[in-house]
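The structure under discussion appears below in the form of structure tokens.
Position 1 is the first residue of the sequence; numbering continues from there.
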Amino acid sequence: MLRSGLEPWHLLILAVIVIVVFGSKKLPDTARALGKSLRILKSEAKAMKDESAH
């Protein structure tokens with residue numbers, strides 16, 4: 001339902017709002033921190049899956 005209603009201009013508006021809220025100077029740091037958090041989450045999920053398999 002949401003996917004069919006999501007147009008490219010919606011993403012553009014969302015990007016503008018994010019830039020306004022966080023400011024262009026904080027965005028690289030925020031993106032880096034988000035990426036690091038996702039890598040940690042992924043590695044922990046993989047470790048739990050491997051642990052439960054043994």
message = So, applying side chain to side chain contact (heavy atoms under 4.5 Å, CB included) with Lys36, which one of Leu34, Ile40, Leu38 is it?
response =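 Only one of Leu34, Ile40, Leu38 forms a side chain to side chain contact (heavy atoms under 4.5 Å, CB included) with Lys36, namely Ile40.
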request  = Working to the nearest 0.5 Å, report the span between NZ of Lys25 and CD1 of Ile19.
outcome  =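 Answer rounded to 0.5 Å: 14.5 Å.
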inquiry  = Could you measure the distance from the CD atom of Glu51 to the CD atom of Glu44? Nearest 0.5 Å is fine.
reply    =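 Atom-to-atom, Glu51:CD and Glu44:CD are 10.0 Å apart.
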ask   = Does the distance from a Lys or Arg side-chain N to an Asp or Glu carboxylate O, for Arg32 and Asp29, drop under 4.0 Å?
value =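 Yes, this pair counts.
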ask   = Would you say the side chain of Val18 lies within less than 4.5 Å of the side chain of Leu27, judging by non-hydrogen atoms?
value =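 In contact.
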